[in-house]
Chemist: 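This is the structure I have questions about; it appears just below.
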Amino acid sequence: MLPSWQLALSSLAGRRGRTILLTGAVAAACALIVAVSSGLTSAQATMEQVLTQLLGSADARIIHVFNGRFDRSLLEDVRKWPGVTDVTTQLNGSVTLIRADKRVDDETGDVLRAAPQAFGIEFDLYEEFRTTEVRVGRLPRQSHEILIDPATALLLDAKPGDVLHIERRTDPIALTVTGIYERPQFGSLQRPRLFMDRELLAEILRFDNQISTILIKLEPQINPEEFCTAFGDSLPKTLTLEPAELAKAGFDRRVEASRFGLIVSSVMTFMAASFIIITGLTTGVTERQREMAVMRCVGASRAQLFASQIFTGLLFAFGGACIGIPFGAGLAALLAIFFSDLLPAGFQISWLGVSLASIGALTAGTFGAIFPAWAASRTTPLSAMTTVAQPQRKRALVICTAIALALIATQITIMQFGDRDWRFWSYFYVGLPCIFIGYFLLGTPVLLLVTNTIGRALCTILKLPADVVTGSINRTRFRHGFTAGALMVGLTILVADWTSMNGLLDGWLNRIKFADAFAFRLTGLSPHERAAIENLPFVDATCPLTMITLKIEGEQVFGVDGMTPPYVNAFGFDPNVYFDLNAIVWVQGDPEVAIPRLKDGDTVLLAERFLTARGIGVGDSLTLGMGRLTHEYEVVGVVSSAGLEVAIQVFGVNNQYAEFALSGVFMDIDTLQQRYDKQDIVAMQIDLSDDISDDEAYNQFVEAVPGVPFFTGRWLINTINELAVALYSVDSAIAFMALLLTCIAMGNVIAAAIHGRRFEYGLLRAVGGHTHLLVRLIVVEVALLALTGAILGTALGLHIALIGARFYRELAGIDIPLLFPYVAVAIGWIITIALSIAVATPGLRMLRRTQPSALLAAGRND
């Protein structure tokens, strides 16, 4: 065995307590990386599973590009195309279900009711084209059997074997539930869903011989893209033939965006964990210099001491990684089990996280050992023996502060140049690491500032010798400063997320004004249903609405090119009726001029977000289309329309296969229907009388117009608030988990520091210092570290939230204010300080139980 290895192993064996504590710190840091990345990977796997279930295993498909329907007779022509082995059809719609026994809700007394999306399929070919995991029961086989999702089952308290009725004006249709299939559950924003016989759905909706999709399977040797190119032009312009992989493109773009978020989150967690590891491995540098000086005196060479320290760091890292990686995976697995309804794909380990944890631990272990190794190899034995008595140089502090400020300035500088895509990528690849490292390095000067102000005040209040506290921190300023810097991670996540969400929800969404109510059906409201709605006694006015998804040709208005879809929602309505019914704010343009011009068919109004994000306004033009249909429009007005945009997105009135569309354009309804062959009225905005409550309006509506979903503006607000609570809960759970793991890791570092200073504490006890004095000294020191970490975390969180607000404005066109979450931050500060003190408790108990002579002896032996 090499002498350097023997030195390292004997040093670790002689300090078993510190070795265990520092290994625990590395393990907690590795666990943090693996737990966060594996949790995100599990969510990612669920998204991809849902995507596969939704799109099936077809090679190609035919759809209406504007989410319309087409004649089923086309199916016979498709069967004759060369290379086609099998085809099936699907009809999309929505129905309203109640239980056959008309069971009521125990709390409200209302009949249990659900309005799920209905996918009409051909049962005999279902398993050939789709893969669905049935949670309970079996797949349907007969025309009056249905397969429902957990959301529908929950709303109707339904299980396999139950009979449900489709509500309609004529006699209800009975359907038997055969099974409940696996699907993540995301609360009230999620539309319930079911699969049923296509012919029966067509009969219910009166869509005779109409379908929404043709799914095609090809011979193995046929290239789907070449097949679609060969036969696509034979279809009408409103239909498109595309490979199934292209059908996934819209969703895949969202998947890629979430993967990018996974990578960013994992790398940031890796950086935070690296701070912890480096801090832990630099603990006790001063104490070890005396030991290494003794080794030099008995013949150890500089190279041997250097190598021994590097080997020590690698041993800490390897041992911590071996413990922390499975522990972090176990935590993520427990979360996946706890949230099994949200994550039907189950636990998925992140090999990226495992790699980052392994490489990060070994790399950070090496770098964490370099400084003591360098100090050991360059210091003479005599000077190392007197290290404690040497005054601290200010030069290193000045350099550290300058580097920190330079890194933060780098991030600020890159945000001033280039276009928004360049700023976005530069921020995530350069700016974000720069500010993380910069704020971490600021831990030392901020800690010294806090110590010499707040610290002295605390010492005065607690009747402690201030010079002992400040002297201890000043003597090992970088170890203490890095410890404080590593403590900032959890609070950074909390402050950044809560500040951004407060601004988005309270500063933007909660100020949006919604219409009194909406009637909505994805497959369109019939003229009879619209007339029935208009004739309800509590309805003062209505405005029919339709919508399609259009692509902005030749320009990326929102989001990041290559990762954000270039789509918008195009709303069609009667301008005279809509603007009479809604108090719309005109940001640009004259309504007296703009509204009549909408009838021309070549003009549109834009949502304010176009102007905020890219400065597109009156006089500019946009080319909009889909597939082979495109048209250029002149902008004649810019309006504030967030209420309609948000309502439509909540209802999900867009092509189920289309990419998520950001913001909206507004045009005359006749133009939209004629140019894009979109005849369906998918929603009606309703103005309710002042003398009727929401519940009364809902009950009368479903009785008069069965089968048509009805939503009030208050329901929209409550749904958004429910989503906000869910998002706050998830974000807070992640932040507090990071905070907990960080504090546990840093607790081991603090305990290792206490363990390494036993000789110093033994001296204080020997000259008359009571154990209570030592406890108060250490508690104050730990509190100062935690307070500094809280200050740094709050500052970095606000910094990141400020950048986020800028990206909201530039990429999404949403101008959100920064609303500081005082209560959440106060709780975070209290938890950070309390946890830091709590994890130092084992070290305090050790000091109280150990006699001064034992402390002195342990210190000398170290």
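Just so you know, these numbers come straight off a predicted model, no measurement behind them.
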Chemist: Can you check side chain to side chain contact (heavy atoms under 4.5 Å, CB included) on Val568 and Phe610, steps first, answer last?
Modeler: CA-CA 10 Å; Val568 293; Phe610 283 83; 3.6 Å; yes
Chemist: Considering only heavy atoms from C-beta outward, does the side chain of Glu199 approach that of Glu122 to under 4.5 Å?
Modeler: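 No, every pair of side-chain atoms sits at 4.5 Å or beyond.
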Chemist: Determine the minimum heavy-atom distance between Ile148 and Ala158, stating which atoms define it.
Modeler: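 Residues Ile148 and Ala158, closest heavy atoms: CD1-CB, 4.1 Å.
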Chemist: Has the side chain of Asp590 got a donor or acceptor atom that lies under 3.5 Å from a matching backbone atom of Glu592?
Modeler: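 Yes, the answer is positive, given that a donor and an acceptor are paired below the 3.5 Å cut-off.
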Chemist: With a 4.5 Å heavy-atom cut-off, do Leu164 and Ile146 have their side chains touching?
Modeler: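 Yes, close enough: below the 4.5 Å cut-off.
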Chemist: Are Ile204 and Ile173 close enough, and set up right, to give a side chain to side chain contact (heavy atoms under 4.5 Å, CB included), and what steps lead you there?
Modeler: CA-CA 9 Å; Ile204 294 168; Ile173 294 178; 3.4 Å; yes
Chemist: Show your reasoning for whether side chain to side chain donor-acceptor pair (under 3.5 Å) applies to Gln90 and Asn92.
Modeler: CA-CA 7 Å; Gln90 179 174 300; Asn92 304 332; 2.8 Å; yes
Chemist: Less than 4.5 Å apart, side chain to side chain, heavy atoms only: is that true for Ile63 and Thr240?
Modeler: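 Counting from C-beta outward, Ile63 and Thr240 do come under 4.5 Å.
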Chemist: At their closest point, which heavy atom of Ala118 faces which heavy atom of Met196, and how far apart are they?
Modeler: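 Between these two residues, the closest heavy atoms are CB-SD, 4.2 Å.
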Chemist: Taking the side chain as everything from C-beta on, heavy atoms only, tell me whether Ile669 gets closer than 4.5 Å to Phe571.
Modeler: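 They are not in side-chain contact.
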Chemist: Give a yes-or-no answer on whether the side chains of Thr152 and Asp149 include a donor-acceptor pair shorter than 3.5 Å.
Modeler: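 Their side chains do contain a donor-acceptor pair, which is all the 3.5 Å distance test asks for.
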Chemist: Could you walk me through whether Thr712 and Phe710 pass the side chain to side chain contact (heavy atoms under 4.5 Å, CB included) test, one step at a time?
Modeler: CA-CA 7 Å; Thr712 66; Phe710 175 84; 3.7 Å; yes
Chemist: Phe231 vs Trp81 aromatic rings, parallel, tilted or perpendicular, using cut-offs 30° and 60°?
Modeler: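 Parallel.
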Chemist: Do side-chain atoms of Thr630 reach the backbone of Leu624 as a donor and acceptor pair under 3.5 angstrom?
Modeler: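 Side chain of Thr630 to backbone of Leu624: no pair is present.
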Chemist: Between the side chains of Arg198 and Thr89, does any donor sit under 3.5 Å from an acceptor?
Modeler: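 Checked: Arg198/Thr89 side chains pair up, N/O donor to acceptor below 3.5 Å.
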Chemist: Are the side chains of Leu97 and Pro116 in contact, using a 4.5 Å heavy-atom criterion?
Modeler: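 Of all side-chain heavy-atom pairs linking Leu97 with Pro116, at least one is under 4.5 Å.
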Chemist: Can you tell me how far SG of Cys543 sits from CD1 of Ile686, rounded to the nearest 0.5 angstrom?
Modeler: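 Ile686 CD1 to Cys543 SG: 11.0 Å, rounded to 0.5 Å.
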Chemist: Assert yes or no for the condition that the ring centre distance of Phe195 to Phe123 is strictly below 6.0 Å.
Modeler: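 When the ring centroids of Phe195 and Phe123 are compared, they turn out to be at least 6.0 Å apart.
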Chemist: Quick one: sort the Phe579 and Trp586 rings into parallel, tilted or perpendicular, breaks at 30° and 60°.
Modeler: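 Answer is tilted, since the angle falls between 30° and 60°.
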Chemist: Between Ser621 (side chain only) and Tyr633 (backbone N and O only), is there a donor and an acceptor less than 3.5 Å apart?
Modeler: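 Absent.
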Chemist: Does any N or O in the side chain of Thr612 come within less than 3.5 Å of the main-chain N or O of Glu608, such that one atom is a donor and the other an acceptor?
Modeler: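 Answer holds: yes.
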Chemist: Before you tell me yes or no, could you show the steps for Arg141 and Asp124 under salt bridge (Lys or Arg N to Asp or Glu O under 4.0 Å), namely the whole-Å CA-CA distance, both residues' side-chain angles and the distance that decides it to 0.1 Å?
Modeler: CA-CA 7 Å; Arg141 301 191 186 99; Asp124 56 335; over 6 Å; no
Chemist: Tell me whether Thr85 contacts the main-chain N or O of Lys217 through its side chain, where contact means a donor paired with an acceptor under 3.5 Å.
Modeler: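 Yes, because the side chain of Thr85 sits within donor-acceptor range (under 3.5 Å) of the backbone of Lys217.
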Chemist: Within a reach of under 6.0 Å around OH of Tyr808, are more than 12 heavy atoms found that belong to other residues, nucleotides or ligands?
Modeler: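 It does not: Tyr808 OH has 12 such atoms or fewer within range.
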Chemist: Roughly how far, to the nearest 0.5 Å, is the CZ atom of Phe666 from the CG atom of Leu545?
Modeler: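 Output value for this atom pair is 10.0 Å.
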Chemist: I need the Leu622 CG to His631 NE2 distance, nearest 0.5 Å.
Modeler: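 Rounded to the nearest 0.5 Å, the CG-NE2 separation comes out at 12.0 Å.
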Chemist: Does the Asp59 side chain pair with the main chain of Leu218, one donor and one acceptor, at a distance under 3.5 Å?
Modeler: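 Yes, because the side chain of Asp59 sits within donor-acceptor range (under 3.5 Å) of the backbone of Leu218.
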Chemist: Strictly below 4.0 Å, N to O, side chains only: are Asp680 and Arg69 in salt-bridge contact?
Modeler: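 The answer is yes: the pair qualifies as a salt bridge.
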Chemist: Determine, for Arg420 against Glu810, whether the closest basic-nitrogen to carboxylate-oxygen distance falls under 4.0 angstrom.
Modeler: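 The answer is no: the pair does not qualify as a salt bridge.
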Chemist: Step by step, would you call Glu529 with Ser526 a side chain to side chain donor-acceptor pair (under 3.5 Å)?
Modeler: CA-CA 5 Å; Glu529 290 168 332; Ser526 69; 3.2 Å; yes
Chemist: Ignoring hydrogens and geometry, is there a side-chain-to-backbone donor-acceptor pair from Asp620 to Gly617 under 3.5 Å?
Modeler: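 Yes, the answer is positive, given that a donor and an acceptor are paired below the 3.5 Å cut-off.
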Chemist: May I ask you to check whether Phe711 and Phe518 place their ring centres under 6.0 Å from each other?
Modeler: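 They do not qualify: ring centres at least 6.0 Å apart.
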Chemist: Given side chain to side chain contact (heavy atoms under 4.5 Å, CB included), test Gln588 with Leu606 step by step and report yes or no.
Modeler: CA-CA 10 Å; Gln588 279 190 359; Leu606 297 184; over 6 Å; no
Chemist: For a 4.5 angstrom cut-off between non-hydrogen side-chain atoms, does Val635 reach Val665?
Modeler: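 Val635 vs Val665: side chains apart.
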Chemist: So which heavy atom on His64 is nearest to which on Leu239, and how close?
Modeler: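 Closest pair (atom of His64, atom of Leu239, distance): CA-CD2, 3.7 Å.
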Chemist: How about NZ on Lys599, more than 12 heavy atoms from neighbouring residues, nucleotides or ligands closer than 6.0 Å, or not?
Modeler: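 Above 12, so yes.
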Chemist: Rounded at 0.5 Å granularity, tell me how far OG1 in Thr88 sits from CD1 in Ile121.
Modeler: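 Between Thr88 OG1 and Ile121 CD1, I get 7.5 Å after rounding to 0.5 Å.
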Chemist: Output the distance between atom CZ (Arg79) and atom CG (Leu74), rounded to the nearest 0.5 Å.
Modeler: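 Arg79 CZ to Leu74 CG: 11.0 Å, rounded to 0.5 Å.
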Chemist: Does some side-chain heavy atom of Leu672 sit less than 4.5 Å from a side-chain heavy atom of Ile548?
Modeler: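 Yes, at least one pair of side-chain atoms sits under 4.5 Å.
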Chemist: Is the shortest heavy-atom distance from the side chain of Leu241 to the side chain of Cys228 under 4.5 Å?
Modeler: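 A side-chain contact under 4.5 Å exists here.
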Chemist: Starting at CD1 of Ile681, measure out to OG1 of Thr546 and round the result to the nearest 0.5 Å.
Modeler: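 Interatomic distance, Ile681 CD1 to Thr546 OG1, rounded to 0.5 Å: 5.5 Å.
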Chemist: Side chains of Glu145 and Thr178: do they bring a donor and an acceptor to under 3.5 Å?
Modeler: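 On atom types as modelled, these side chains do not qualify, holding no pair under 3.5 Å.
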Chemist: For Glu225, does the CD atom have more than 12 heavy-atom neighbours from other residues, nucleotides or ligands under 6.0 Å away?
Modeler: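 No, CD of Glu225 has 12 or fewer neighbouring heavy atoms, counting only those of other groups under 6.0 Å.
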